[in-house]
Amino acid sequence: MKEATPTEMMTIVAARRLKNRATCFVGIGIPSMASNLARLTHAPEIVLIYESGTVGAKPTILPLSIGDGELAETADAVVSTPEIFAYWLQGGRVDIGFLGAAQVDRFANLNSTVIGDYASPKVRLPGAGGAPEIAALAKETLVIIKHSSRSLVDRVDFITSAGYLDGGDARQKAGLRGGPSAVITDLGVLVPEEGANELVVEQLHPGVSRERIQEATGWELRFSDTVSETEEPTDSELSVLRNLIARTESARAR
Amino acid sequence: MKEATPTEMMTIVAARRLKNRATCFVGIGIPSMASNLARLTHAPEIVLIYESGTVGAKPTILPLSIGDGELAETADAVVSTPEIFAYWLQGGRVDIGFLGAAQVDRFANLNSTVIGDYASPKVRLPGAGGAPEIAALAKETLVIIKHSSRSLVDRVDFITSAGYLDGGDARQKAGLRGGPSAVITDLGVLVPEEGANELVVEQLHPGVSRERIQEATGWELRFSDTVSETEEPTDSELSVLRNLIARTESARAR
Amino acid sequence: MSKITSLTDAIHEYVHDGDSVALEGFTHLIPYAAGHEIMRQGRRDLALVRMTPDLIYDQMIGMGCARKLTFSWGGNPGVGSLHRFRDAVEKRWPHPLEIDERSHASMAAAYTAGAAGLPMGILRGFVGSDLPKYNPNIRFVECPFTGEKLAATPAINPDVSIIHAQKADRKGNVLLWGIVGVQKEAVLSAKRCIVTVEEIVDTLNAPPNACVLPSWVVDAVCEVPGGAFPSYSDGYYDRDNAVYIEWDSISKDRDAFSEWMKFHVMETNNFEEFRERLES
Amino acid sequence: MSKITSLTDAIHEYVHDGDSVALEGFTHLIPYAAGHEIMRQGRRDLALVRMTPDLIYDQMIGMGCARKLTFSWGGNPGVGSLHRFRDAVEKRWPHPLEIDERSHASMAAAYTAGAAGLPMGILRGFVGSDLPKYNPNIRFVECPFTGEKLAATPAINPDVSIIHAQKADRKGNVLLWGIVGVQKEAVLSAKRCIVTVEEIVDTLNAPPNACVLPSWVVDAVCEVPGGAFPSYSDGYYDRDNAVYIEWDSISKDRDAFSEWMKFHVMETNNFEEFRERLES
């Protein structure tokens, strides 16, 4: 089978972290791809919640928007936006939240608001969406981001969603539980080091060297004692994922 | 036609106060009877909201409980209990609320909690239900109560639902608008006097003397300058009401 | 233990002495069968929660299951008093009953807060009422934007909530419709939850935006046809108003009440037998 | 004016210069036709409110209708930036745009509060985020029961809210289904409200507990088939993803944008003509 692309790699690595029956608060793009891949492989009873209000969606093709009809039609329940945030996310029913961002920093804080100054930004990003509350209220969050020294930075320009703030027990002291358990990139996987909660490299994807990941990172990276090479995607993972994408594309072309 | 019973009289007098298209928050018993009578006579587009969550109910027979299936089946919308109180009552969408009580006092405060002391009551009454918020949030409330010196008292033992509190502008000072516009009994109709907000007699039902209503009232009653005799129930009012009750009884007997 | 189970097993496993327990259902879908089973199994010291206690709580209070009642309206709808409730409050029989008395709007806000993971609900309420003088659970907060004083009510988070619904599918997804009251909030605010249903079906065929509780928020689903009797299940049976009216005389007298309960509930094995004895 | 009316008349009567205006619809049922009509009628100084501005607000901002935007996520879903929104914030073109930026959860709580007649909504949110440093509309309150610090968000009460729904009956009762977003809250929180619908029918045949807005909470109902295009109406048509993708290049350049808008929106008389020009 053709080798995995960087996006496929990120998707598969993310999917592997999802346990069966886990409740996932899912956004569009790789999170949606990863959680549906998990559902179609090792986690058939995973529960997917999209912020548009669909609880237990089981789409046969990938949604392009967060509120595709496919999600509503296959869901166990379709509720209002206030309810999805109040009863389902804030109510503590989400095991895993996925977050993307323009920037993530060494303490896993996320920026999806502005590059530069808030009042007169260099780049105005889309903004918070559901992220601050997902970051605060999911039992655990997974961050997915393409690796570059512009996206993995020492300090984010703006904290949209709290990671471990200044590191150590800063997050806990602020009254937050949970937190990012991993930052999954196209080069590897970073996890918060116990205690300091600084992101350290735990996995390198096949063929990625320590030098390469360091070069693509905006701070001096540290490596876990147990750093390992990511297991190659299996044929089954790749074929299920590629079938899902092909199915999606052919449905959209109609 | 046979003369109106005291209950029929109260019901008809209450119904007359309901304008077409008014939105009424209705309880079981006389309020439900009165507002359905209004709907079947002069106010066909009156909107009936029952606290069980039915908005725009149009029952063909009278419900026995606040949550009869008949109400849900004929309603424009059936919503949850939190929603009915938050969006529909508190949201300011109720023109007229109906309230009953065990006691009403000279400033139209209502007691449906206890007779005697709260901690060891002589009579434990059912309690507040939706009344405190109806009394506070409906644009206007109508109180319906059987006249006796035990029910129309100088001071209620317990203020469950605020009327005009100590009278004058006390209600307004407490931050409340609206308030009871009339107390309808089987003997007459009392209204808050402008300014003092003390209940004064505005109407006496046919055949009821000033002495008789005073005897049945726990404080020294005053009479409005414009006190009048209640217009006799018309044949049409009586026959529509009696048909409604007969229809209800025959449906229940089945 | 499988999710779909008997009511006996569900009550045994999920309802413990001392628990706070909410049986909800607003006139419609009141979980009577579950209430009976709690009494049969002899639970004690329960902190009962319910907006409108109704006959089922009158029975549980009279049978001495409850140490506390959180409620907003305790009457026999359209009939009059709940005599066992009154006897407990007025005469402390069979033992004293602590009460946490609120209003419908604040109970609804409290369940909503409980379901939403908030410690309190806020509402425009209780201004001018004497209730806040006697209930320390009614407090006030100031709006940081307008300076207005708003009532606050502490969230309700029962140890166990029990509701009755029309249908469940074989995975334990639950569908209810009609007057849905605070049932969704009662379930989502609780640590554990039991749902009795009229029937278990292959597929729910729920209409869009229906009130569906996914199986993973429900601990046990029990098929109990007629389990809301003498309340009703829209689409299945009507409210039995005669039972509500008869309850007034049964419950007025302590001995008559005790005997009735013994014969109809305590000496029967389940809700079906209760129905048989009642109708015989 | 009758409740059922033309979109032209409804916008003319209910949307005024300087108003705060919310067009809601979460991906699904976005009221595009109404947004176009607001531009055609040349409304100015609007304080726009919407959780997810989407293309319709990008157009309105680019056309200079808006002085302010209250929002929580301003992107082209699945595509990228909203270039007109960015241009307004980054370069103040066509003029400066004041922003009141929140999160989805707090916008939802703010609409809920608005619908519920409360001055604020409360939520667990914004802890550790920089947003409260820049937005004075994010404050905190203390729970009087637990002492916890909770975020407060001021209620949203637009002068006028506009939504698109599937059906209305001849009396003006409105039915929507599928992903219903915050539409009910947007309507109930507003001083005035307009609903565009796919069709007007004799009877709604709404399933139990469906999302129905009774006619007396709606000021105007306008039949505009396809009025949510290029968003979608469940049961009627799908989202036109190609339009969303094409918007990226149309909107990148100020002149290309202005020309496109002039030809497709400003020089057409209604949404039908817009569709014709778009497809020709």
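These values consider heavy atoms only, across backbone and side chains, with no hydrogens, waters or symmetry-generated copies. Chain letters run A, B, ... following the sequence lines, proteins first and then strands; every chain starts at 1.
The side-chain contact (heavy atoms from CB on, under 4.5 Å) test with Phe158(B) singles out one residue from Thr113(B), Leu110(B), Asn109(B), and that residue is Thr113(B).
Contacts between Val123(B) and chain C at a heavy-atom distance below 4.5 Å involve backbone atoms as well as side-chain atoms. Contacts between Ala86(B) and chain C at a heavy-atom distance below 4.5 Å are absent for every atom of the residue. Residue Tyr232(C) touches chain B through its side chain alone, counting heavy-atom pairs closer than 4.5 Å. Only the side chain of Glu73(B) comes within contact range of chain C, with at least one heavy atom under 4.5 Å from a heavy atom of that chain. With a 4.5 angstrom heavy-atom cutoff, Ile179(C) touches chain B via backbone and side-chain atoms both. Residue contact with chain B, scored on non-hydrogen atoms closer than 4.5 Å, involves the side chain of Met51(C) exclusively. When heavy atoms are compared at a cutoff of 4.5 Å, Ser52(B) approaches chain C by way of both its backbone and its side chain. Interface remark: Arg124(C) contributes backbone and side-chain atoms alike to the contact with chain B (heavy atom separation under 4.5 Å). Interface residue Ala105(C): backbone and side-chain heavy atoms are both found under 4.5 Å from chain B. For a residue to count as touching a neighbouring chain, one of its non-hydrogen atoms must lie under 4.5 Å from one of that chain's; by this rule Arg92(C) touches chain B with the side chain only. When heavy atoms are compared at a cutoff of 4.5 Å, Pro132(B) approaches chain C solely by way of its side chain, counted from C-beta outward. Of the atoms belonging to Tyr111(C), not a single heavy atom falls under 4.5 Å from chain B. Only the backbone of Leu125(B) comes within contact range of chain C, with heavy atoms under 4.5 Å apart. Residue Ala131(B): no heavy atom, backbone or side chain, is found under 4.5 Å from chain C.
Between chain B and the options Pro53(C), Ala108(C), Gly125(C), Gly181(C), heavy-atom pairs under 4.5 Å are most frequent for Gly181(C). Note on Gly78(C), Ser103(C), Gly75(C): by heavy-atom pairs under 4.5 Å with chain B, the leading option is Ser103(C). Of the listed residues (Arg239(C), Glu101(C), His28(C)), the greatest number of heavy-atom pairs within a distance under 4.5 Å of chain B belongs to Glu101(C). Contact count versus chain B (heavy atoms, under 4.5 Å) is highest, among Leu131(C), Thr112(C), Asp234(C), Val180(C), for Leu131(C). Counting heavy-atom pairs closer than 4.5 Å to chain C, the top residue among Gly163(B), Gly129(B), Gly127(B), Ala128(B) is Gly129(B).
The residues Arg155(B) and Asp166(B) are annotated as salt-bridged, a charged nitrogen and a carboxylate oxygen being separated by less than 4.0 angstrom.
Crowding of Lys58(B) atom NZ: a count of heavy atoms from other residues, nucleotides or ligands under 6.0 Å exceeding 12. Within a 6.0 Å sphere centred on CD of Glu148(C), other residues, nucleotides and ligands contribute more than 12 heavy atoms.
The line from OG1 of Thr153(C) to CZ of Arg139(C) is 10.5 Å long, rounded to the nearest 0.5 Å. In this structure, OH in Tyr164(B) is found 12.0 Å from CD in Glu193(B), a value given to the nearest 0.5 Å. Rounding to the nearest 0.5 Å places OH of Tyr32(C) at 6.5 Å from CD of Gln59(C).
Between His104(C) and Phe85(B), the ring-plane angle classifies as perpendicular under the 30° and 60° cut-offs.
Taking the six-membered ring for Trp and the full ring otherwise, the centers of Phe71(C) and Tyr57(C) sit at least 6.0 Å from each other.
Under 3.5 Å, the side chains of Asn76(C) and Trp247(C) contain no donor-acceptor pair of N or O atoms. In this model, a donor atom of one side chain and an acceptor atom of the other lie less than 3.5 Å apart for Glu198(C) and Tyr237(C).
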> Between Glu199(C) and Tyr236(C), is a side chain to side chain donor-acceptor pair (under 3.5 Å) present by the stated rule, with each step listed?
Replying inline: CA-CA 10 Å; Glu199(C) 57 174 337; Tyr236(C) 291 83; 2.6 Å; yes
